[in-house]
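Have a look at the structure below before the remarks.
To find a chain, count down the sequence lines: A is the first, B the second, and so on, and within it residues start at 1.
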There are 4 protein chains.
Amino acid sequence: MGGEHGKVGRPRSEEARIAVLHAVDDLVAARGYGAVTLKGIAERAGVSRQTIYRWWATKAEILLEASVTDARQELDVPAHDDPVDDLTAYLEALVTFLTSSDAGAAYRALVGEAQHDKAVGELLSGTDPIGQSAAVVIARAVPAEALTVPMPQATALLVGPAFFWILSGRQPGDLRPDTLAREFLSRAAPSLGAA
Amino acid sequence: MGGEHGKVGRPRSEEARIAVLHAVDDLVAARGYGAVTLKGIAERAGVSRQTIYRWWATKAEILLEASVTDARQELDVPAHDDPVDDLTAYLEALVTFLTSSDAGAAYRALVGEAQHDKAVGELLSGTDPIGQSAAVVIARAVPAEALTVPMPQATALLVGPAFFWILSGRQPGDLRPDTLAREFLSRAAPSLGAA
Amino acid sequence: MGGEHGKVGRPRSEEARIAVLHAVDDLVAARGYGAVTLKGIAERAGVSRQTIYRWWATKAEILLEASVTDARQELDVPAHDDPVDDLTAYLEALVTFLTSSDAGAAYRALVGEAQHDKAVGELLSGTDPIGQSAAVVIARAVPAEALTVPMPQATALLVGPAFFWILSGRQPGDLRPDTLAREFLSRAAPSLGAA
Amino acid sequence: MGGEHGKVGRPRSEEARIAVLHAVDDLVAARGYGAVTLKGIAERAGVSRQTIYRWWATKAEILLEASVTDARQELDVPAHDDPVDDLTAYLEALVTFLTSSDAGAAYRALVGEAQHDKAVGELLSGTDPIGQSAAVVIARAVPAEALTVPMPQATALLVGPAFFWILSGRQPGDLRPDTLAREFLSRAAPSLGAA
DNA sequence: AGCTAAGCGAGACGGTACGTCAGGTCTTCTT
DNA sequence: AAGAAGACCTGACGTACCGTCTCGCTTAGCT
């Protein structure tokens with residue numbers, strides 16, 4: 001085979017990779033998405049721009065790589081025995097993620113870019129941290145046979161209201177995750193008998 | 001008295017204003033949001049850049065002004081007697097707006113910008129064509145006393161799932177507006193007895 | 001028929017004319033030639049730009065009109081009995097004019113413009129405050145028959161060294177007007193016997 | 001030591017530098033000083049504006065660099081045995097330079113700018129092609145002990161009349177370089193016995 | 001007193017250049 | 001071969017001034 005490349009020459013600097021991802025995080029957090037410029041990343045990371053272009057095709061890829069791990073972690077909430085509690089905890093984590101976390105800020109930025117950049121859209125669909133985490137939680141809280149709608153639609157029913165609420169700039173304080181959880185259950189899994 | 005200004009000097013050219021708004025529409029439609037550059041607008045509109053800067057503070061303002069009228073029109077669906085039909089028709093219009101209309105493309109672009117530009121966010125909240133149209137339809141389809149949640153939250157329940165579905169890049173064909181309508185009714189207004 | 005125009009309609013506002021000339025003077029003096037912008041003149045004079053364009057074809061014309069009267073005054077030095085004293089006094093006035101007077105600053109600016117704008121050049125030749133004043137002084141200090149060179153060249157011999165000295169940015173303090181006067185006389189009118 | 005920078009990174013493009021200087025020359029010659037715009041230079045040179053800003057702080061710097069070499073060459077006239085011939089040849093070269101050469105046009109433009117831009121003035125004093133060349137010729141044609149005035153003043157006496165003549169827009173044809181040379185000698189170095 | 005004509009201040013308009021900034025690409029030396 | 005440095009071209013940004021063009025208002029002489 002010969003191994004494409006990767007055997008010959010100086011190996012990729014893990015140091016540089018980490019520095020780039022950290023720099024992106026820092027910039028999003030400290031100075032907002034507007035400050036996330038390739039030049040700025042390179043300078044803060046102490047890395048040459050060429051190195052960035054070598055390993056990431058677009059700014060979105062960096063942003064994604066920089067936030068996806070954190071996103072998964074933040075959306076991976078511990079299970080609760082009661083379905084309502086489980087879903088409520090998840091929705092609370094989702095709201096916190098979207099409104100207060102650096103990774104969430106990056107994610108919202110990516111959703112924004114996706115609206116006018118098809119490539120970013122596909123990149124984002126490939127990862128889909130919200131869809132995936134929601135599916136996990138639903139599967140855990142609701143027996144498969146109790147679900148009256150297919151899983152993808154179910155995730156939309158669960159997260160959609162909160163997603164809309166936050167992305168349209170409404171006050172997160174006026175959201176009631178427990179109410180949303182109960183409403184979701186009564187509709188998508190009425191046999192569970194949630195009030 | 002006196003009236004600030006507007007009386008003295010050459011009056012604003014309505015022609016130029018229209019040309020700019022049309023140019024923005026055209027650009028979003030024909031070449032995507034990426035092509036919406038102030039220089040490009042000015043050239044296509046046959047207007048000087050200075051004139052644009054004189055009347056709109058940001059690109060978002062132009063985009064908003066260019067799309068908001070169309071948005072309202074497209075989301076102002078005729079009433080139906082049956083609540084389910086009414087909400088279904090509205091959700092269908094909403095999906096069409098978000099996925100297929102020029103104004104919808106502009107609106108999604110604005111939502112995207114709002115995620116990393118606070119000013120755009122406030123601009124957008126001020127108009128809120130989705131929230132407002134949804135409130136109108138809900139008020140029309142559901143008697144106020146039958147609503148079990150406050151109106152703002154009710155609008156999120158109605159449009160949230162579809163909003164999430166589309167902005168996260170899922171296939172609009174897999175959405176069932178009538179199902180969403182029924183689910184909304186059964187939760188937000190169970191006394192209407194929708195199955 | 002009848003007098004072109006000037007009889008009918010509102011007469012030219014002398015007030016505006018004066019305001020413009022003063023504004024130009026002020027601007028040259030206070031903020032340098034760089035600040036002499038038509039917009040700036042109009043604002044400081046409280047006059048509309050159109051009014052300026054109506055009466056002056058170019059910025060140079062305004063500058064000229066604003067400075068020429070002062071220039072003539074400053075270069076019209078009282079006569080002295082002794083030719084050397086007369087020329088010395090004139091050269092001192094010339095140096096002061098070129099280095100320290102507002103009108104002189106305007107004049108130097110015009111000479112500068114003239115180097116790359118033919119029209120300004122002709123405008124300036126038409127007035128020629130230095131050439132004219134020098135000719136007057138020479139004629140007064142030296143009997144016509146004593147002059148060994150034609151008057152125009154004589155004026156160049158008299159003012160040239162000082163003119164070069166100042167326009168090339170040398171220190172005016174190192175100029176000796178009396179020496180220059182004596183040197184001029186000994187060459188252009190040796191029969192006067194100036195040492 | 002290490003020397004600031006210059007070792008690391010892509011080296012400056014000599015090609016671009018030359019192209020800029022040529023473009024400036026061409027523009028001054030072909031379309032006059034008014035056409036010397038940074039945008040125009042960049043376009044004609046096939047160079048980005050940013051590159052120009054990187055290496056030259058002001059338009060004057062470019063103009064100076066573009067003309068100073070030519071200026072020195074044109075003002076470096078071969079020696080003649082006879083002092084009068086030597087000075088005459090120099091003055092003829094000076095007049096030709098100021099009236100007919102591209103470099104001379106650039107130089108006059110710079111003198112003009114210097115009248116209302118102090119920075120340009122200092123830039124120009126630093127080079128002073130006329131003062132320097134005149135000093136060289138005088139030193140060569142006149143023994144130091146025969147000079148009755150300090151060198152700087154002597155240069156002003158030599159070049160001043162011609163400088164004034166041309167910058168004030170008089171006809172160069174009416175200048176008599178040999179007369180000016182003789183007059184200069186008889187005054188600044190009378191012991192040489194020039195008639 | 002009313003009409004006509006021109007001047008006037010205000011300010012919008014299409015242009016053009018400014019100086020800056022980010023995006024990508026390239027070239028050089030160093031590791 | 002990867003990396004850091006940094007020059008390069010491209011092209012948009014927002015600003016300033018240019019000279020022109022409406023506006024509505026004022027100021028005159030002429031009916």
Side-chain angles (χ1 to χ4, degrees), chain A residues 5-13 15-16 34-43 45-55 57-59, chain B residues 5-17 36-43 45-55 57-59, chain C residues 5-17 36-43 45-55 57-59, chain D residues 5-17 36-43 45-55 57-59:
Chain A
H5 81 122
K7 299 200 161 321
V8 195
R10 182 173 175 174
R12 175 174 184 184
S13 159
E15 200 177 352
V36 179
T37 201
L38 254 161
K39 212 186 177 197
I41 298 171
E43 273 163 18
V47 145
S48 100
R49 267 183 299 164
Q50 193 58 46
T51 298
I52 301 183
Y53 286 117
R54 192 160 11 235
W55 299 112
T58 67
K59 199 157 69 180
Chain B
H5 79 122
K7 304 206 160 308
V8 192
R10 181 174 178 173
R12 174 174 185 182
S13 161
E14 187 64 13
E15 199 176 353
R17 183 180 150 266
V36 180
T37 195
L38 249 159
K39 204 190 179 207
I41 298 172
E43 274 164 16
V47 145
S48 97
R49 290 215 302 297
Q50 190 60 46
T51 296
I52 302 184
Y53 287 118
R54 190 161 15 237
W55 297 112
T58 66
K59 202 156 66 179
Chain C
H5 81 120
K7 301 205 159 314
V8 195
R10 181 174 178 175
R12 174 175 184 182
S13 160
E14 186 63 12
E15 200 176 352
R17 181 179 152 268
V36 179
T37 198
L38 252 160
K39 206 189 178 202
I41 298 171
E43 273 163 16
V47 145
S48 100
R49 291 215 298 298
Q50 192 60 48
T51 298
I52 302 184
Y53 286 116
R54 191 163 12 237
W55 300 112
T58 66
K59 199 158 67 179
Chain D
H5 79 120
K7 303 209 159 309
V8 191
R10 181 175 178 173
R12 175 175 183 183
S13 161
E14 186 64 14
E15 200 176 353
R17 184 179 149 266
V36 180
T37 194
L38 249 160
K39 205 190 179 208
I41 298 171
E43 274 164 15
V47 145
S48 96
R49 290 215 300 298
Q50 190 60 48
T51 296
I52 301 184
Y53 285 117
R54 188 163 15 237
W55 299 112
T58 67
K59 199 156 67 179

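- Each of D/K59 and B/R17 lies near DNA chain E, and the nucleotide nearest B/R17 is the one positioned closer to the 5' end.
- With F/dC13, E/dC8, E/dG23 as the choices, the nucleotide that has an atom nearest any side-chain atom of A/L38 turns out to be E/dG23.
- A/G40 comes within 4.0 angstrom of no nucleic acid atom, judged by non-hydrogen atoms across all strands.
- Atom CZ of C/R12 is separated from atom P of E/dC8 by 7 Å (rounded to the nearest Å).
- Atom pair B/E15:CD and E/dA12:P shows a separation of 17 Å (rounding to whole Å applied).
- Listed candidates were F/dT10, E/dC8, F/dA7. Nearest to the side chain of D/W55 is F/dA7.
- Straight-line distance from the CD atom of C/Q50 to the P atom of F/dC23: 14 Å, rounded to whole Å.
- Rounded to an integer number of Å, the gap from OH of C/Y53 to C1' of E/dG9 is 15 Å.
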(message) Please determine whether side chain to side chain contact (heavy atoms under 4.5 Å, CB included) holds for the pair A/W55 and A/R12, giving the CA-CA distance in whole Å, both sets of side-chain angles, and the decisive distance to 0.1 Å.
(response) CA-CA 9 Å; A/W55 299 112; A/R12 175 174 184 184; 3.5 Å; yes
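- Comparing atom distances between the B/R54 side chain and each of F/dC18, E/dA12, E/dA10 picks out E/dA12 as nearest.
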(message) Between C/R54 and C/T51, is the side chain to side chain contact (heavy atoms under 4.5 Å, CB included) condition met? List the steps.
(response) CA-CA 5 Å; C/R54 191 163 12 237; C/T51 298; 3.8 Å; yes
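- If you take CD of C/E14 and C1' of E/dG7, they are 14 Å apart, rounded to a whole angstrom.
- Residue B/T51 places none of its side-chain N or O atoms closer than 4.0 Å to OP1 or OP2 of E/dA12.
- Between B/T37 and F/dC13 there is a side-chain polar atom (N or O) within less than 4.0 angstrom of OP1 or OP2.
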(request) Sugar-phosphate means primed atoms, P, OP1 and OP2; the rest is base. With that split, encode nucleotides 25-31 of chain F 5' to 3' as B, S or - using protein heavy atoms under 4.0 Å. (result) -BB-S--
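- Separation of atoms CD (A/E43) and OG1 (A/T37) is listed at 9.0 Å; rounding is to 0.5 Å.
- Distances were taken from every side-chain heavy atom of C/R49 (C-beta onward) to each of F/dG19, E/dC13, F/dA2; the shortest belongs to F/dG19.
- Scanning both residues, B/S48 and B/A42, for their nearest heavy atoms gives C-CB, 4.3 Å.
- Rounded to whole Å, the distance from CD1 on D/I52 to P on E/dA17 is 13 Å.
- In terms of position on DNA chain F, the residue among C/K39 and D/V47 whose nearest nucleotide sits closer to the 5' end is D/V47.
- Annotation: the span from A/R49 atom CZ to A/I41 atom CD1 amounts to 11.5 Å, rounded to 0.5 Å.
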